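Single-structure report; data block below.
Predicted model only: the values in this text are computed from it and were never measured.
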Amino acid sequence: MQDRTVTTTTREWHLAARPHGEPTPEDFRLVEVPVPEPAEGQVVVRMVVMSVDPYMRGRMRPEPSYAPPWEVGEVMRGGAVGRVVASRAPELPEGSLVLTDAAWREVAVLDAAQVTRLPAATDVSPSWYLGVLGMPGLTAYTGLFRVAGLRPGEDVFVSGAAGAVGSLVGQFARLRGAGSVVGSAGSPEKVAWLRELGFTAAFDYHEGPVAQLLRAAAPDGVDVFFDNVGGEHLEAAIGALRVHGRAALCGSISGYNAVEPPQGPRNLSLMVGRRLTLRGFLVGDHAELRPEFTETVSGWLREGRLVVRETVYEGIENAVPAFLDLLRGANTGKMVVRLAPDPD
């Protein structure tokens with residue numbers, strides 16, 4: 001059994017300044033703060049693993065968005081899995097594994113309503129609840145099957161295909177009978193990995209204009225586009241979509257650090273003649289899909305039909321380096337930061 005001793009202080013990351021362009025280490029500050037005693041209905045959670053995600057870049061801006069901005073001088077927030085080390089909530093006894101959005105910190109005192117108790121199964125890594133069985137997995141499932149409406153035999157293009165969401169989109173499409181799956185990624189190593197996953201074709205977008213690379217990989221076009229990147233990738237995909245093609249717009253990481261408005265696709269006129277549908281979505285609007293998603297994806301995992309890959313950084317002090325590297329495309333699969341061992 002792990003040591004559940006409750007510490008009196010904890011370390012947490014605060015936003016020190018709002019970045020202009022690409023964030024730098026100086027925009028963050030690691031501080032030590034006291035851990036208060038839990039009140040009735042509260043639990044003390046020691047974080048085991050936390051998530052860093054591209055959407056967090058948007059929370060560093062002051063403008064309203066679909067997620068509340070982080071305030072300068074306050075602790076940042078994001079998905080994490082932890083263990084309850086002290087409890088004043090009967091429904092969450094000590095030792096419970098829980099999901100919360102209370103990390104970037106090592107320990108947090110939380111209301112019971114702020115956490116979700118997770119199954120105690122030992123065959124599932126806690127980090128999977130931040131990836132394949134968590135928000136990225138549900139995002140991939142929702143965008144591909146509900147928003148884009150993939151049908152068997154259709155051809156799919158995925159941008160940012162070696163990331164947490166994109167790598168699952170490609171695998172989900174293959175498992176549901178896609179005719180072909182094409183992915184873009186940022187290095188030869190990632191391209192090779194996509195082919196190992198079963199992508200029909202993949203290319204490194206640094207090797208030339210994306211439209212040309214996509215045309216070579218899918219000369220007859222595609223029916224569905226799942227976009228994590230935006231910009232040049234979106235323009236290329238619009239040019240490749242067939243009549244009645246659909247695009248699920250999940251993210252546009254290519255412009256997250258832009259200081260000027262990025263140039264939009266220049267070929268939107270194609271949408272009329274080809275009767276295209278481009279639809280943005282937020283996974284939070286589709287929470288009712290979670291039971292179906294969990295049952296389906298858990299089954300694929302049990303059957304060994306899904307490959308899960310993570311890029312792991314160790315220690316709270318490396319949370320910011322992990323996040324900055326994520327924005328530079330240094331991850332393959334899901335990027336997580338392991339904060340503490342979890343012998344349970």
Apply the test side-chain contact (heavy atoms from CB on, under 4.5 Å) to residues Met135 and Asp53: give CA-CA distance (whole Å), side-chain angles for both, the deciding distance (0.1 Å), then the verdict.
CA-CA 10 Å; Met135 180 269 290; Asp53 300 284; 3.9 Å; yes

For the pair Val52 and Met50, evaluate side-chain contact (heavy atoms from CB on, under 4.5 Å) and give the outcome as yes or no after the intermediate values.
CA-CA 7 Å; Val52 291; Met50 62 166 276; 4.0 Å; yes

Let's go through Val107 and Val45 carefully: what are the C-alpha distance in whole Å and the side-chain angles of both, what is the deciding distance for side-chain contact (heavy atoms from CB on, under 4.5 Å) to 0.1 Å, and is it a yes or a no?
CA-CA 6 Å; Val107 176; Val45 179; over 6 Å; no

Show your reasoning for whether side-chain contact (heavy atoms from CB on, under 4.5 Å) applies to Val109 and Val43.
CA-CA 6 Å; Val109 177; Val43 291; over 6 Å; no

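Judged purely by atom type and a 3.5 angstrom limit, Arg105 uses its side chain to pair as donor or acceptor with the backbone of Ala102. In this structure, the side chain of Thr311 engages the main chain of Thr332 through a donor-acceptor pair within 3.5 Å. For the pair Glu32 (side chain) and Thr10 (backbone), a donor-acceptor distance under 3.5 Å is absent. Within the 3.5 Å criterion, the main-chain N or O of Pro68 finds a donor-acceptor partner in the side chain of Arg59. Using a distance-only test at 3.5 Å, with no hydrogens or angles considered, a donor-acceptor pair links the side chain of Arg83 to the main chain of Gly95. Checked by atom type and distance alone, the side chain of Lys190 pairs as donor or acceptor with a backbone atom of Asn331 at under 3.5 Å. Put simply, the side chain of Ser167 never gets that close to the backbone of Gly333: no donor and acceptor are under 3.5 Å apart. Proximity of a side-chain donor or acceptor of Arg279 to a complementary backbone N or O of Thr277 within less than 3.5 Å is not detected. Asn318 places no side-chain N or O within donor-acceptor distance of the main-chain N or O of Pro321, the cut-off being under 3.5 Å. Side chain of Arg195 to main chain of Ala202: a donor-acceptor pair is present (N/O by atom type, distance under 3.5 Å, no hydrogens or angles).
Just one of Arg246, Arg174, Arg242 meets the salt bridge (Lys or Arg N to Asp or Glu O under 4.0 Å) condition when paired with Glu154; it is Arg246. Test Thr139, Val158, Ile253 against Asn228 for side-chain contact (heavy atoms from CB on, under 4.5 Å) and you get one pass: Val158.
Between Leu282 atom CG and Leu249 atom CG the span is 11.5 Å, to the nearest 0.5 Å. Here CZ of Arg57 is found 12.5 Å from CG of Leu326. Values are rounded to the nearest 0.5 Å. Rounding to the nearest 0.5 Å places CG of Asp285 at 10.0 Å from OG1 of Thr142. Taking CG of Leu144 as the start and CD of Gln171 as the end, the distance is 12.0 Å to the nearest 0.5 Å. Between Tyr129 atom OH and Thr294 atom OG1 the span is 9.0 Å, to the nearest 0.5 Å.
Hydrophobic clustering of Ile, Leu, Val, Met, Phe, Trp and Tyr side chains at less than 4.5 Å, counting indirect connections, keeps Val337 apart from Val31.
Under the 3.5 Å distance criterion, with hydrogens and angles disregarded, no donor-acceptor pair is assigned to the side chains of Glu94 and Ser87. Of the N and O atoms on the side chains of Ser51 and Lys334, at least one donor lies less than 3.5 Å from an acceptor on the other residue. Between the side chains of His14 and Glu12, a donor-acceptor pair is found at a separation under 3.5 Å. There is a side-chain donor-acceptor pair under 3.5 Å between Gln42 and Asp111. Between the side chains of Ser180 and Asp155, at least one donor N or O lies within less than 3.5 Å of an accepting N or O. Counting only N and O atoms by type, the side chains of Gln114 and Thr100 include no donor and acceptor under 3.5 Å apart. Between the side chains of Arg274 and His244, no donor N or O sits under 3.5 Å from an acceptor N or O.
The shortest heavy-atom contact between Gly239 and Leu270 is CA-CD1, 3.9 Å. Residues Leu214 and Ala240 share a closest heavy-atom pair of CD2-CB, 3.6 Å. When all heavy atoms are compared, the tightest approach of Val181 to Ala173 is CG2-CB, 3.9 Å. Residues Gly143 and Phe281 share a closest heavy-atom pair of CA-CZ, 3.5 Å.
Ion pairing between a basic and an acidic side chain is recognised when a charged N comes within 4.0 Å of a carboxylate O; Arg61 and Glu63 show no such pairing.
Below 30°, between 30° and 60°, or above 60°: for Phe225 and Phe157 the angle between ring planes is below 30°, a parallel geometry. Note: His233 and Phe203 have parallel aromatic rings, judged against thresholds of 30 and 60 degrees for the angle between ring planes.
In terms of the ring-ring contact (aromatic ring centres under 6.0 Å, His included) criterion, residue partners of Tyr141 (sequence neighbours excluded) are, by chain and number, Phe145, Phe293.
For an aromatic pair to be called close, the ring centres must be under 6.0 Å apart, and Trp104 with Trp70 satisfies this.
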